[in-house]
Asker: 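Below is a structure I'd like to ask you about.
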Amino acid sequence: MNTRTRRAVAPLLAITISLAAASGAAASQPATGPATATGSGGAAATVDRHSTQAAIDALRHGANAVDAAVTAAAVLGVTEPFSSGIGGGGFMVMYDARRRRVETIDQRERAPQAMGPDAFWENGKPLAFKDARYSGLSVGVPGTVRGWATALRQRGTITLAQALKPAIKLAREGFVVDATFADQINQNLDYFDDVPATKALYLDPDGTPLDVGTTFRNPDLARTYERIAKHGTAGFYKGPVAAAILRASRRPAVSAANHTWRPGVMTQHDLRSYSPVWRKPTHVRYRGLDVFGMGPPSSGGSTVGEALNILSGYPLGSLPREQSRHLVLEASRLAFADRGAYLADPAYYRVPLQGLLSEGFAASRRALIGDHALASPIGPGNPYAFGGTGGGRGRLSADTTRAGSTTHLSVSDRWGDVVSYTFTIESTGGSGLLVPGYGFLLNNELTDFDYDSLTKPNRVQGGKRPRSSISPTIVLRHGRPWLTVGSPGGSMIITTVLQLLTDRIDLGMTLPQAIADPRASQRNTPATAAEPAFLALPETAALSARGHVFTTTPEIGASTGIKFLGDKGEVLAAAEPVRRGGGSAMVLRPTR
Ligand code: GLU
């Protein structure tokens, strides 16, 4: 790759800028497909045209939304290997039209049993983030393959082998490397080139990222998928793939490394004993709608839900735009203070979910909001006074501004089923460890623990799931699907979903307008992260006058969603027009 291209795809740095300097929009790249589609018979929206097409093809052949979602996800494992794949985990929220209820499957990675709170500590200090991330230690026991199998077996109509077919074909035939793909390699170059297997797959022989415009094939991943197709989940959690995962994470094979890659402690037992969990969704009522989200160990549903409960006390839609934006930022600030203190894996910590989502607790938090921005970090409230029990008040953990990767897909079918699915390998490029001979990257999900604390609810513990921000959301109106949205973006997932919901429900935007709306993310930090285009909005000067301080970040989130139109089965599917290179939305039968 020549230097000109290299510079064009250099990682974008978050920098603090003054309001006056803010101009322009988020970094733009050509979209991969139409970002919106209206029609009936089923719909899909993902970040990638191949993936959306695979979902639509499945729907055309009679598959339901769960089948199509898994089919699309398997393709994303091929085309979006730095954000997702079988080396990671995720959360699936589903509306089952026949049962008329929302259900969720937690496919989150778990810490190996042998890990304790000080797993990431050396010489009395926690490791720096990059040392923790690029290591075997950060690799959680992957949940995706068992998650897919569970979803298909219990709510699908096709086999795992059928769902993997389009992905296998694409992995073998290849696809064209675009600027986003090359940029994601470039972001990791200094570490990818330490690991021979990663380097061999993603770097050119001269050590630069694969060139934009060249065809990328991954026959090793095709064979791994085929093995899973043939043997089911045992093709992944047992046998040669399992052995290779253990080798790659326990003894990272690095050569000519300019970094130290610490070994992990995962065992065969950890892999074999992994299981996904069906969990009750979170639920809040908002403006007469029923908003369902992902419960703990994700903090998505509870934090979005608490913020909505706080906002339900204001007529956002009839206030000046500047004031409604102020209130959304403040509600988010308060909800994040509580998220930091009370959210963790419920198998290890009694999360006071009932209190956090109660109207009384929301009222107590709302009472703190004034005309001026609150000064963060602010402390958590006391949800115990409002129902449920818990593990005791956690200590505040301020949120870091790490933006990871991940991908979100939205699917619906002709029967009215809906799937909202976010899956991830955590950071863009995960741990950087490719499983040699099998073509997939291992996650670094365990850095989602508060690994720098020995006492916080979200500290590292053997077998535990790290707290997530993933927020797949399904909104019902009168018991029927009305809207589904979700996004990647680390802890900015939560603020992205909150903004999408308030933009659509309160501020009168259509779903595509809400997806395109310039974003800001307030997570109980002194400054609010904002896209350059947000800083250029007419109302932002008034927000600054209220005491909001902004730092700029090039892009926040990359969402997809579906809006259900009326009761004749018509839908509007939407993906990002610009962020992350743009996404792709399709429907089975387009409306003329
Ligand atoms: N690991 C993150 C989480 O579960 C998601 C990754 C991301 O989008 O950054 O919250």
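Note that ligands are numbered from 1 as they come in the structure, with each ligand's atoms numbered from 1 the same way. Heavy atoms only: backbone and side chains are in, while hydrogens, waters and symmetry mates are out.
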Asker: Do any nitrogen or oxygen atoms of Pro488 come within less than 3.5 Å of a nitrogen or oxygen of ligand 1?
Answerer: no
Asker: Quick one: does ligand 1 sit under 4.0 Å from the side chain of Arg467, the backbone, both or neither, non-hydrogen atoms only?
Answerer: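 The answer is neither.
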Asker: Heavy atom under 4.0 Å from ligand 1: found in Arg108's side chain, backbone, both, or neither?
Answerer: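 Just the side chain.
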Asker: Go through ligand 1 atom by atom and flag the ones less than 4.0 Å from a non-hydrogen atom of Ile470.
Answerer: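 Listed by number with element: 4 (O), 10 (O).
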Asker: Using a strict 4.0 Å cut-off to heavy atoms of Gly490, name the atoms of ligand 1 that fall inside it.
Answerer: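 Listed by number with element: 7 (C), 8 (O), 9 (O).
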Asker: What atoms in ligand 1 come closer than 4.0 Å to a heavy atom of Thr406?
Answerer: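 So the atoms of ligand 1 that pass are 5 (C), 6 (C), 7 (C), 8 (O), 9 (O).
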Asker: Please work out which of the three classes, parallel, tilted or perpendicular, describes the rings of His259 and Tyr191, given edges at 30° and 60°.
Answerer: parallel
Asker: Run the numbers for me: atoms of ligand 1, each under 4.0 Å from some heavy atom of Ser469, listed by number.
Answerer: 3 (C), 4 (O), 10 (O)
Asker: So Phe82 and Phe192, would you call those rings parallel, tilted or perpendicular, with 30° and 60° as cut-offs?
Answerer: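 Geometry flag for Phe192 against Phe82: tilted rings.
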Asker: Which of the numbered atoms in ligand 1 are below 4.0 angstrom from a heavy atom of Glu445?
Answerer: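 Listed by number with element: 1 (N), 2 (C), 4 (O).
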Asker: Which of the numbered atoms in ligand 1 are below 4.0 angstrom from a heavy atom of Ile493?
Answerer: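 The list of qualifying atoms is 8 (O).
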Asker: Side chains of Ile105 and Val277: closer than 4.5 Å at any heavy-atom pair?
Answerer: no
Asker: Can you name the residues that form a side-chain contact (heavy atoms from CB on, under 4.5 Å) with Gln461, not counting sequence neighbours?
Answerer: Tyr348, Arg459, Lys464
Asker: So is there a nitrogen or oxygen of Gly489 less than 3.5 Å from a nitrogen or oxygen in ligand 1?
Answerer: yes
Asker: Looking at Asp448, which atoms of ligand 1 are within less than 4.0 Å of one of its heavy atoms?
Answerer: 1 (N), 2 (C), 3 (C), 4 (O), 10 (O)
Asker: Determine which pairs satisfy side-chain hydrogen bond (donor to acceptor under 3.5 Å, both in side chains) with at least one residue from residues 70-89, sequence neighbours left out, and list them in order.
Answerer: Asp48-Thr79, Ser83-Ser405
Asker: Ser468 to ligand 1: N or O pair under 3.5 Å?
Answerer: yes
Asker: Once you measure the plane-to-plane angle for Phe534 and Phe550, does it fall in the parallel (<30°), tilted (30-60°) or perpendicular (>60°) bin?
Answerer: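 Ring orientation of Phe534 relative to Phe550: tilted.
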Asker: Check whether any side-chain heavy atom of Arg108 sits under 4.5 Å from a side-chain heavy atom of Asp448, and report yes or no.
Answerer: yes
Asker: Look at the aromatic rings of Phe236 and Phe440 and report parallel, tilted or perpendicular, splitting at 30° and 60°.
Answerer: tilted
